[in-house]
Every structure is written in structure tokens, then in C-alpha cells.
Amino acid sequence: MLLPEIHSAYLFSIDHYGVVPLAGLTYWSGVWATVILLMALAVTPAATIFRWPALIDVRRMIGVTALVYTIAHMIIYFAFRRWDFAIIANDMMTRLTLIVATVSTIGLIALGATSVDAAVRVMGARNWQRLHTANYVISGLAILHVVLARGTYAEQYMLTGIFFWLMVWRMLARYGLGANAKALALLAVASCLVAAFLEAGFLWSRRGFDVLSTLGYNFTLAILDAGYPPAWQVLAFGLLVALGAAGREALRLKAPSFEARQAG
């Protein structure tokens, strides 16, 4: 949870963010806040797929950390705008990406304020659960904020592909396929395609690049000589999870006594 902060502070200290360091720091603080928010959503799939129920204990900590990073992101943005609240207010009312970000942040603050045990007792477990189900919408708005940001960045497509994976996984889990390796492998491919088509669509709409050329370039092995496209990163993430699920299932079938000892 502290690694992004330490990493960003180090890059800032060596002038890695260029001539306008607050601009780069604003962008990356938002990216890291979104990454940690997605990590909170990933706790349930990880606990289910790898049969690690104790992981649920850290979900609240991750969610609160996401709120802290979000507030830090806002403060850095205010500093980037030189604390000119007239400009900030105008941006928040006229730029769709900031309207979405404001709604998402308000929702995240509400979840953070009610994350303590006392809130559960006051609200009642059912009402508390209903409120915190809004985390899916809040996370979706955070992703939309990233997608609508000016420019085209690899993180936009990668985070969207992973968010798609996390949401569709919950649909699979409802049908008892949350730990099925084949279903997870198909989900990995689908999430990869979402990231690839989003990138192709954005590069076409914002830069005029040909959609088919972008897709063709993304799905050739030659591109790996230049780097790892977002679609490939999402695919790697999904396939690693599917392999982990397959290995966990094989272990369960071959050594049920080991599973029993682990549960104990």
C-alpha cells in the first residue's frame, strides 16, 4: 500500500516528471488511486479462486488506502491549479471527466466514513451492505474518469480491461464458475479484446489512426520487441489467474488431506 507513494516521491525528487512535475504527479497519483481501488475489488476473486478466505481481512484496509490516495490525488491537482478555486470549480462543472471524478470521490468518502464497525451497528448489516455495494459503481466512475482524461495512455486501456475482468468474474461466480480455469481463460481473452478494441477506438477518435491497423499491430508478436501493449498485459494477468485456478484445483483433487490441513 505504501509502495506507490514511496516510488512517486522518489521520481518527483529526481525530476522524473519533467518541466511541470505537478502535471505528471497529478496523473500518476490518479492512476495509483485507481489501481488500489481495483485491488480492493480483486480481494473477493482472489479469496475464492485461491481458496484463501483470510484475504478478506485486508479488504477494508485496501479500500481505505484507495480513499487516502484519492484525496492525495485531489490535493495534488489543486496544487497543480495553483489553488485557484474559480478555475477548479469551472473544471468540475464543465469537464465530464472531472464531474465523474467528483461523484466517484464523494461516494468513496461515504464508503470510507462508514467503514468502521460502529457504522455497521448503527446502520444495520443489511443497509450497510447495500451502501457498500455501491463500490462497483464508484469504481466504474473512477475508471471512466481515467478513460475520459485528455490524451491517450496505456494505463487507460489496461485498467479498463482489468475492471471488465473483475466485473464479469462476479457474474461467473453467481453461476458457480468463479474458480473454473476454462471460464477464467475465456474471460482473460475477452478482457484482452476489450482493452485492444478500446485502444484502437481511442487512437482512431483522438488521433485518426486506422482501427484495423492498430488491432493488427497489437496482435502481432513483433510488437513485443517494442514493449508490452495493454491488451497483452491484461491477457497475461487473466491467464496467470486461470493457471493459478487450475493448479489450485489439481492440488485439491490430488491431496484433499492437504486442503483439510490448510483449512485448519
Side-chain angles (χ1 to χ4, degrees), residues 1-5 29-78 85 88-89 91-93 95-149 159-179 187 241 263:
M1 294 296 97
L2 294 176
L3 182 60
E5 177 186 358
S29 63
V31 168
W32 282 117
T34 308
V35 167
I36 295 175
L37 192 58
L38 294 184
M39 288 176 63
L41 289 180
V43 168
T44 300
T48 302
I49 293 169
F50 300 110
R51 295 180 176 84
W52 191 7
L55 195 60
I56 299 296
D57 294 339
V58 302
R59 181 166 54 190
R60 184 184 304 184
M61 178 187 72
I62 297 173
V64 172
T65 304
L67 172 60
V68 172
Y69 273 85
T70 300
I71 293 174
H73 171 58
M74 289 179 57
I75 293 173
I76 294 169
Y77 169 73
F78 290 167
F85 289 102
I88 293 170
D91 282 349
M92 289 184 171
M93 290 186 293
R95 291 179 57 191
L96 180 58
T97 180
L98 291 184
I99 294 172
V100 167
T102 301
V103 175
S104 176
T105 301
I106 292 172
L108 197 57
I109 290 172
L111 295 186
T114 57
S115 64
V116 295
D117 292 337
V120 181
R121 292 193 295 270
V122 171
M123 297 175 61
R126 181 172 297 180
N127 290 332
W128 185 88
Q129 186 63 44
R130 286 174 180 171
L131 174 63
H132 280 254
T133 301
N135 187 35
Y136 303 141
V137 177
I138 291 169
S139 300
L141 291 174
I143 290 294
L144 186 59
H145 168 57
V146 173
V147 169
L148 294 175
L159 293 175
T160 302
I162 292 176
F163 178 71
F164 175 85
W165 188 99
L166 291 168
M167 291 298 99
V168 175
W169 178 87
R170 283 164 166 80
M171 296 175 59
L172 293 176
R174 286 187 179 184
Y175 294 97
L177 298 173
L187 178 55
V241 173

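Hydrogens, waters and symmetry mates play no part in the numbers below; they use all other heavy atoms, side chains included.
- Here the shortest heavy-atom pairing between L141 and V100 reads O-CG1, 3.0 Å.
- Residues S29 and M74 fail the side-chain proximity criterion, which asks for heavy atoms closer than 4.5 Å.
- Contacts of R121 classified as side-chain contact (heavy atoms from CB on, under 4.5 Å), with partners at least two apart in sequence or in another chain: D117, A118.
- Closest approach of T114 and M123 over heavy atoms only: CG2-SD, 4.0 Å.
- The two residues G178 and I49 have their closest heavy-atom pair at O-CG1, 3.2 Å.
- Counting heavy atoms from C-beta outward, T160 and V146 have side chains that stay 4.5 Å or more apart.
- By the side chain to side chain donor-acceptor pair (under 3.5 Å) test, T48 pairs with no residue at all, sequence neighbours left out.
- Side-chain contact between F163 and L41: present, with at least one pair of heavy atoms (C-beta onward) separated by less than 4.5 Å.
- The stretch residues 95-110 participates, sequence neighbours left out, in these side-chain hydrogen bond (donor to acceptor under 3.5 Å, both in side chains) pairs: T97-H145.
- Residues forming a salt bridge (Lys or Arg N to Asp or Glu O under 4.0 Å) with R59 (at least two apart in sequence, or on another chain): none.
- For CE of M171, the number of neighbouring non-hydrogen atoms (other residues, nucleotides, ligands) closer than 6.0 Å is 12 at most.
- Shortest non-hydrogen contact noted between G112 and L67 is CA-CD2, 3.8 Å.
- In terms of heavy atoms, I36 sits closest to P4 at CD1-CG, 4.4 Å.
- Shown here are the ring pair (Phe, Tyr, Trp, His ring centres under 6.0 Å) partners of Y175, two or more places apart in sequence or in another chain: there are none.
- In this structure, the side chains of E5 and Y69 come closer than 4.5 Å at one or more pairs of heavy atoms.
- T70 meets the side chain to side chain donor-acceptor pair (under 3.5 Å) test with no other residue; sequence neighbours excluded.
- Residues Y77 and L98 form a side-chain contact, since some pair of their non-hydrogen atoms from C-beta on lies under 4.5 Å apart.
- The heavy-atom pair separating A40 from I62 by the smallest distance is N-CG2, 3.5 Å.
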